[in-house]
Trainee: 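Have a look at the structure that comes next, please.
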Amino acid sequence: MCSKRRSSFLRTATFRLTLWYTAVFSGLSLAVFLVVYVSLASHLREQTDNELLNTAKEFDVLYEGHGVEALQAEFRREAESKGINRVFFRLLSPEGKVLASSDLNQWRGLKAARLQAIATEKQPAVHTLSLPGRRHRLRVATKPARDGSVIEIGAALQGNEIMMERYRETFGTAFVIMLACGGFVGWLLARKAMSGVQRVTYTTTRIGKGDLGRRVPLGNEGQEINALAHAFNEMLERIESLVRELKQITDNVAHELRTPITRIRGMAETTLTGSGDLNQYREMAASVIEGSDRLIEMINTMLEIAITDSGVAELAREPLDIREIVREAADLFKPLAEDKGIDIQLDIPPQAVIVPGDRPRLQRAVANLLDNAIKYTPSGGTVTISLETDTTRAKVEIADTGMGIDKKNISRIFDRFYRCDESRSTPGSGLGLSLALAIIRAHGGNIIMKSAPGSGTSFAIVLPRASSRR
Ligand code: ADP
């Protein structure tokens, strides 16, 4: 259990970010250490070399002016003042013979190496030596004198090496502390960066448990996390509206379909218990077919409304001349209007009115409104279809001189299955206006209704002339 939790922690982004942070932090610290170390070491060596070379030059001047005895005396004095264990001085003949020197008892193992080369180079030089038995290395400067002999000066690098050792030790301790602090800070930063993702995860888990109304709160972890939370919330809005839609359909199906199905069942039952002659069966079959057709149409309309309303429907956005749609609808309903003694009048501009849209759906919306206008207008009335346009929108108005809509019903007539009491005697499902509104809204438009009871109703479809996808 414990090892499982540990291994899942090792796989978290927080842990990996912490690791990265610590690695980068320690890499940078090491780089800084190396730069300081190298520059400090070279500075110390340069300082030592300069001191050695200056002293060698002074000895050379002395040797040239006062001879070997004076140099011998100066070697001893200088070595005693600086410490015979720390420095040595020698004057070597070109053959390597020691002509003068400080006390060399502490410097066993010194060789007169490279004398020939030094003598021919005629240039002062500095090199590093390790003598057996001595803990610290020494730096040796050689300066050829004018007579071919060589002045050699050596100094133990004790001070420098001890200083560098201390620097390494101090850095080692500081590095461990810095690594621990860096790791901790890295973990805090990674946790902060990941807290937004954790909020999304937490919200998802809650939603998974049925709390659909929950949303991811926006924090201050940065724009990316807020963009994620925002996108996630938008997706949730969508899912919630789809679920709401689905629930409403289920409720509607249960409520609205029960009555016609019960009626169909009742008819079948009556026929079964009746006299059983063929005509009665035929009548029953015809009624069942008619009732079933109406049910199928209702179900299809409900689905169409749900799909269009939720934005799932893929709407075509082809450029359409809206005049054609209006004319076709008027032609289609003309016979029905004539049968009822209603006059249809068209008022459309001569030039094309182009809107981006889905032809069959817009045809259906216009047809639903026109159908209602004819249905709810008594004989002798008029239905006027007019088309107006400006640069941004097109307006199709269907106005009738019919029964009008009572004030109390105005806010509800676009609800699914809502029918005004006055129109219950007329066949209908209460879905026509809902579908028309869903279609027009999916096009980025709206339907505006005006009505006065007894003196007619007008429905105006307003459509944008440029495409505005939802
Ligand atoms: P349906 O016409 O099938 O009943 P609709 O959704 O098309 O369903 O209309 C809803 C209700 O709005 C109708 O039942 C009717 O009461 C009212 N209505 C719609 N259009 C008109 C109109 N032009 N004149 C008067 N009432 C109307």
Side-chain angles (χ1 to χ4, degrees), residues 245 248-249 251-253 255-257 259-260 263 290-291 293-309 326 329-330 332-334 336-337 339-347 361-386 395-442 445-462:
E245 202 69 47
Q248 201 173 3
I249 291 176
D251 289 351
N252 288 344
V253 167
H255 184 252
E256 298 297 327
L257 300 191
T259 319
R263 205 179 317 123
E290 197 191 316
D293 283 350
R294 221 175 298 132
L295 277 178
I296 290 168
E297 202 197 318
M298 200 190 274
I299 291 168
N300 286 341
T301 312
M302 275 194 303
L303 287 176
E304 181 66 23
I305 294 173
I307 289 170
T308 315
D309 228 8
V326 170
L332 190 72
F333 282 90
K334 208 164 221 154
L336 181 72
D339 283 355
K340 247 190 114 177
I342 294 172
D343 183 30
I344 295 188
Q345 290 191 354
L346 267 181
D347 178 13
R361 285 194 166 95
L362 286 180
Q363 278 172 335
R364 188 147 188 204
V366 174
N368 281 3
L369 297 184
L370 192 52
D371 184 34
N372 279 351
I374 296 169
K375 208 159 59 170
Y376 301 115
T377 302
S379 179
T382 309
V383 172
T384 311
I385 313 172
S386 55
K395 186 168 99 173
V396 178
E397 188 165 6
I398 298 167
D400 62 54
T401 54
M403 60 200 270
I405 298 170
D406 198 278
K407 251 193 183 142
K408 69 177 193 300
N409 295 318
I410 282 178
S411 61
R412 300 198 57 198
I413 52 158
F414 286 101
D415 290 353
R416 273 168 231 186
F417 296 106
Y418 188 78
R419 308 198 70 210
C420 306
D421 290 338
E422 304 75 41
S423 50
R424 292 214 177 265
S425 53
T426 324
S429 62
L431 291 175
L433 284 181
S434 315
L435 180 58
L437 186 64
I439 290 172
I440 300 305
R441 285 206 172 144
N446 203 2
I447 298 183
I448 299 156
M449 193 218 53
K450 282 188 217 141
S451 182
S455 57
T457 311
S458 91
F459 287 91
I461 296 176
V462 182

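Since the structure is predicted, the reported quantities are computational estimates derived from the model, not experimental observations. Every number for a ligand or one of its atoms is a count from 1 in the order of the listing.
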Trainee: Measure the distance from atom 10 (C) of ligand 1 to every protein heavy atom, then report the residue, atom name and distance (to 0.1 Å) of the closest one.
Mentor: Tyr418 O, 3.3 Å
Trainee: Distance check, rounded to the nearest 0.5 Å: Leu362 atom CG versus Ile440 atom CD1?
Mentor: 5.5 Å
Trainee: Can you pull out the closest protein heavy atom to atom 19 (C) of ligand 1? Residue, atom name and distance to 0.1 Å, please.
Mentor: Asn372 ND2, 3.5 Å
Trainee: Starting from atom 17 (C) of ligand 1, find the nearest protein heavy-atom neighbour and note its residue, name and distance.
Mentor: Cys420 SG, 3.9 Å
Trainee: Which ligand 1 atoms are under 4.0 Å away from a heavy-atom of Lys375?
Mentor: 1 (P), 2 (O), 3 (O)
Trainee: Using a strict cut-off of 4.0 Å, indicate which atoms of ligand 1 neighbour a heavy atom of Ser423.
Mentor: 13 (C), 14 (O), 15 (C), 16 (O)
Trainee: Look at the side chain of Arg424 and the backbone N and O of Arg419, then say whether any donor-acceptor pair between them is shorter than 3.5 Å.
Mentor: yes
Trainee: Give a yes/no verdict on whether any heavy atom in Asn368 is under 4.0 Å from an atom of ligand 1.
Mentor: no
Trainee: I'd like to check which ligand 1 atoms, numbered from 1 as shown, lie under 4.0 Å from a non-hydrogen atom of Leu433.
Mentor: 5 (P), 6 (O), 7 (O), 9 (O), 10 (C), 12 (O), 19 (C)
Trainee: Could you tell me, atom by atom, which parts of ligand 1 come under 4.0 Å of a heavy atom of Gly428?
Mentor: 3 (O)
Trainee: Should you measure from each heavy atom of Gly404, which atoms of ligand 1 turn up under 4.0 Å away?
Mentor: 25 (C)
Trainee: Measuring from non-hydrogen atoms of Glu422 to any atom of ligand 1, is the shortest distance under 4.0 Å?
Mentor: no
Trainee: Under 3.5 Å between some N or O of ligand 1 and some N or O of Gly432?
Mentor: yes
Trainee: State, with a plain yes or no, whether a side-chain heavy atom of Gln363 is found less than 4.5 Å away from one of Leu332.
Mentor: no
Trainee: When you look for heavy atoms under 4.0 Å from ligand 1, do you find them on the side chain of Leu431, its backbone, both, or neither?
Mentor: backbone
Trainee: With a 4.0 Å cut-off on heavy atoms, is Gly402 touching ligand 1?
Mentor: no
Trainee: Check contact between Ala436 and ligand 1, using heavy atoms of the residue and a distance below 4.0 angstrom.
Mentor: no
Trainee: Go through the structure and list residues passing side chain to side chain donor-acceptor pair (under 3.5 Å) with Thr377, not counting sequence neighbours.
Mentor: none
Trainee: Give the numbers and elements of all ligand 1 atoms closer than 4.0 Å to a heavy atom of Ile413.
Mentor: 10 (C), 12 (O)
Trainee: Can you list the ligand 1 atoms lying under 4.0 Å from a non-hydrogen atom of Ile405?
Mentor: 18 (N), 25 (C), 26 (N), 27 (C)
Trainee: Which heavy atom of the protein is the closest neighbour of atom 4 (O) of ligand 1, given with residue, atom name and distance?
Mentor: Arg419 NE, 2.5 Å
Trainee: Taking heavy atoms and a distance under 4.0 Å, where does Phe459 meet ligand 1: side chain, backbone, both or neither?
Mentor: side chain
